[in-house]
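These notes concern the structure reproduced below.
In what follows, chains are A, B, ... by sequence order, proteins preceding strands, each numbered from 1. Both backbone and side-chain heavy atoms feed into the values below; hydrogens, waters and symmetry mates do not.
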Amino acid sequence: MGETFDEILKYSPHRIDYVELDPALIKVASQSGLLSPHEQVRIIPTDGRRYIAETDKRYSAIILDLSEPDTFQINRFYTKEFFGKVKGILRKDGILSFSLIANPNYLSEVRLKKLSSIFNTVKKYFDNVLLIPGEEIYFLASDGKLATDIPRKLRRRSIATSYIDGFYYGNVTEERIRSINESMNPHEPMNTDFQPRVINIMFAEWFKKYGTSPHWFIATLIGTLVFYLFLIKKEEYVLFSTGFAVMGVEMLILFCFQVIYGYVYLKVGAIISCFLLGLLPGALLGDKWKKRGKRMLIKAEAGMLLLLMMYLIWVTFSQSTIPESVFFLFGFTFSLLCGLQFPVAAEIIGEERSPAAGLFAADLVGAGAGTLAVGTLLIPLLGIQAAIISLFLIKAASTIVILKA
Amino acid sequence: MKRYITRKEFLKQMGLLSLLIATDGHCFWSKGKKEEKADIRGHVFKNDAPKRLWKWSIEGLHYTTNGKDVQCMVCPNRCYLTPGDRSVCRSKVNMGGKLYSLAYGNPCAIHTDPIEKKPLSHFYPATQVFSIAAAGCNFRCLNCQNWEISQRKPEEVHHSELFPADVVRMAKQGHIPSIAYTYSEPISYYEYMYETASLARAEGIKNVLVSNGYINKGPLENLSQYLDAANVNLKSFDDDTYRRLNGGRLRPVLNTFKLLHEKGVWFEMTSLVVPGYVDKPEMIKRMCGWILEELGADYPLHFLRFFPQYKLNRLPATPVKTLEELREVALREGIHYVYIGNVPGHDAYNTYCHNCHRILIKRQGYYIAKPNIDDGRCKFCNTPIPGRWGD
Ligand code: SF4
């Protein structure tokens with residue numbers, strides 16, 4: 001952190017704004033002397049994405065100093081939505097720079113996909129994007145001209161650096177620059193907030209690295225679920241699908257919350273509480289209205305489908321930053337509908353056909369399966385939209401089951 | 001009428017639930033077998049050979065056969081392959097009772113590097129080296145920087161076509177004085193390297209081996225007739241660490257150093273200082289003791305800074321202080337030339353005369369001032385400086 005400032009200060013900028021989400025990190029860095037106070041440096045303790053969306057300042061250069069985009073929290077700084085906003089606060093011919101890990105000697109298929117996806121995403125907003133293959137791959141993006149001979153530029157300005165002065169010409173040869181820039185695949189899909197192509201690729205890389213594959217996990221999960229569904233009663237499927245959907249939605253809310261706000265850990269408790277809180281009034285209402293029978297059940301089903309539809313529309317067309325409270329309210333309402341269904345379904349099915357334990361088990365197995373499937377497979381491998389559509393289909397199937405019953 | 005759940009129904013539900021949990025949990029936890037953690041040496045891949053040989057195949061050197069099974073004798077893994085098997089290094093297969101290499105003329109990396117990058121600090125400084133690699137490796141290092149080519153089969157990487165004569169021609173056309181076999185593990189593409197090296201020697205081009213040194217005596221003896229220099233890893237000085245971190249053994253590597261010394265091939269030694277594995281001063285002390293006794297004080301030793309890589313991506317980078325401390329230990333023990341790598345701007349990139357301690361070669365990265373070496377001797381005190389310095 002301190003080293004980054006030292007390097008930037010060599011260019012004598014008027015001001016450096018350092019945006020850091022984690023206040024604890026700023027505190028530790030200041031205490032341990034890594035962040036020596038400097039009149040040009042202003043520390044802004046907030047989420048970088050939010051800052052970029054709200055600031056009215058304009059910058060000549062924006063540097064992303066982040067780890068690899070292998071989580072939703074980091075991926076949100078490498079998406080179409082983010083780069084668009086970055087472009088908006090850059091001065092004319094301003095420059096964006098960031099780096100990604102790749103082997104300087106060989107570009108594997110997976111890394112090529114990752115770099116190409118991000119390249120195409122940045123390219124949407126900038127006339128020129130240049131990749132410099134050093135120990136990592138450095139991306140430079142600007143509407144102005146970009147030069148590859150960086151040591152020469154630095155010499156002209158009498159800026160001395162240990163790495164560029166000494167190692168650039170040996171590591172970053174013309175041949176290496178040409179080869180990496182020419183190898184970018186223009187057909188690789190862009191990386192977006194809710195279609196996180198890069199996260200899928202990072203997953204693939206992880207599996208390659210450890211010589212394993214998620215196929216066994218997927219096959220076992222599907223296999224055991226099919227086996228279970230085969231054994232349960234039709235009516236129990238309704239509660240299975242409700243458990244599945246409610247936990248699936250909970251996972252989706254957690255992921256989306258992180259994408260929008262950049263943090264989630266402090267709010268995990270609040271989000272989960274909203275889901276749990278919804279169950280109680282839902283159950284009370286359900287108990288009150290259980291005599292209304294099938295009609296009530298269908299209404300609850302329709303409510304869930306409607307909520308899922310709204311979610312899908314927001315993710316697909318809007319993605320606007322919505323207040324935190326909307327996420328909480330959404331979770332509360334969804335679980336209220338779930339809570340409502342339980343006594344009504346139990347009443348309709350009757351103790352005779354399916355004892356409470358059977359219904360409860362169906363709900364729990366559904367919840368477990370929903371968490372596993374949505375959290376570890378659907379979102380990371382297929383994206384947020386596909387996950388919502390899957391939940392919609394699962395719920396639609398249960399509506400059909402009720403209608404036919 | 002109220003009906004309670006029966007014991008049978010309860011057991012059925014619980015059984016189903018446990019089945020679900022157990023089977024899915026199994027997917028997460030089944031992999032971590034205990035002995036794998038202790039020793040990560042590779043295994044032969046049974047029935048993993050391709051159906052047919054491809055254009056970039058050649059019959060292996062140094063192997064035995066009983067007409068059906070074959071045994072490769074190139075490295076201490078001594079892979080015993082029944083028909084259709086693939087070797088530990090992934091680049092050799094048994095096809096019809098013969099051993100074939102699938103890594104011949106198909107380099108997956110081709111670059112021109114400064115010789116200092118190998119690293120070689122006492123071998124024609126400031127020259128270029130034409131560097132090639134084909135897929136495969138006989139080790140399994142947890143920290144491999146090049147795992148995308150070293151831990152892959154030749155068929156799994158994208159590659160160019162450059163047969164031995166083409167490699168030599170390209171180096172010649174570019175006026176590049178030497179060729180390095182590097183990046184992955186050249187011992188796994190021994191045949192390709194051997195043939196290229198012999199052609200290069202005939203054309204007056206030098207050959208540089210960058211390797212883990214895990215090779216048997218016979219193949220190394222044959223190869224060393226064409227070798228001009230080598231940078232060989234001495235990854236630690238502890239057999240247990242070799243097994244746990246690299247998937248190999250220490251003894252054969254030490255034998256490689258002895259043989260290169262005997263054959264008069266110039267070499268430099270490299271230790272990547274992996275925190276928690278290779279950072280004990282006591283071990284470095286023992287290592288230096290062995291070097292001094294068996295090889296003498298003149299071969300340079302490089303301590304490289306580790307950065308999080310491959311499966312060790314959660315370890316921190318080596319503290320520069322640790323590297324400096326180990327360098328001190330090695331110098332104190334009596335090694336004449338000890339360098340630090342991967343720390344741009346560090347003074348230990350420079351070459352200091354082991355006698356008068358003045359700067360012989362000042363290096364700012366790959367930018368190298370004119371060496372204070374005349375005729376292989378220190379300009380200041382006339383001490384002969386070990387290495388290959390040219391005219
Ligand atoms: S070189 Fe490859 S095939 Fe030969 S013994 Fe070693 S690992 Fe086995």
Contact part of A:S179 toward chain B, heavy-atom cut-off under 4.5 Å: side chain, backbone, both or neither?
neither
Are there over 12 heavy-atom neighbours, none belonging to A:K113, within less than 6.0 Å of that residue's NZ?
no
Counting only heavy atoms not in A:K153 (residues, nucleotides, ligands), do more than 12 fall under 6.0 Å from its NZ?
no
Taking atom types as modelled and ignoring hydrogens, do the side chains of B:Y183 and A:N103 form a donor-acceptor contact shorter than 3.5 angstrom?
no
Quick one: what part of B:K117 sits under 4.5 Å from any heavy atom of chain A, side chain, backbone, both or neither?
side chain
Pair count under 4.5 Å, heavy atoms only, with chain B: among A:L107, A:T173, A:V110, A:I101, highest is A:L107
Most contacts with chain A, counted as non-hydrogen pairs under 4.5 angstrom, among B:Q309, B:E148, B:H346
B:E148
Heavy-atom distance under 4.5 Å to chain A: side chain of B:R363, backbone, both or neither?
neither
Contact check, side chains of B:H111 and A:N105, non-hydrogen atoms, under 4.5 Å:
yes
Contacting moiety of B:I368, where chain A heavy atoms sit under 4.5 Å
neither
Can you tell which of A:E135, A:K209, A:E205, A:E175 has the highest number of heavy-atom pairs within less than 4.5 Å of chain B?
A:K209
Taking all heavy atoms of B:D113 and all of A:R176, pick out the closest pair and write down the distance.
OD1-NH2, 2.8 Å
At a heavy-atom separation under 4.5 Å, does B:F307 approach chain A through its side chain, its backbone, both, or neither?
neither
B:N313 versus chain A, the contacting section by heavy-atom distance below 4.5 Å
side chain
We want to know whether B:H158 and A:E109 form a side-chain donor-acceptor pair, criterion being a heavy-atom distance below 3.5 angstrom.
no
Taking atom CZ as the centre, does B:F45 end up with more than 12 heavy-atom neighbours from other residues, nucleotides or ligands that are less than 6.0 angstrom away?
yes
Verify ring pair (Phe, Tyr, Trp, His ring centres under 6.0 Å) between A:F167 and B:Y366, making sure each step is shown before the conclusion.
CA-CA 5 Å; A:F167 293 90; B:Y366 305 128; 5.0 Å; yes
From CH2 (B:W147) to OG (A:S108), nearest 0.5 Å
6.5 Å
Distance flag, aromatic centroids of A:Y210 and B:Y310, threshold under 6.0 Å
no
Nearest 0.5 Å, what's the OH-CD distance between A:Y163 and B:Q364?
13.0 Å
Report, as yes or no, whether the 6.0 Å neighbourhood of atom NZ on B:K172 holds more than 12 heavy atoms from other residues, nucleotides or ligands.
no
Do other residues, nucleotides or ligands put more than 12 heavy atoms under 6.0 Å from the NZ atom of B:K362?
no
Specify which of B:I110, B:T112, B:V157 makes the most heavy-atom pairs with chain A at under 4.5 Å.
B:V157
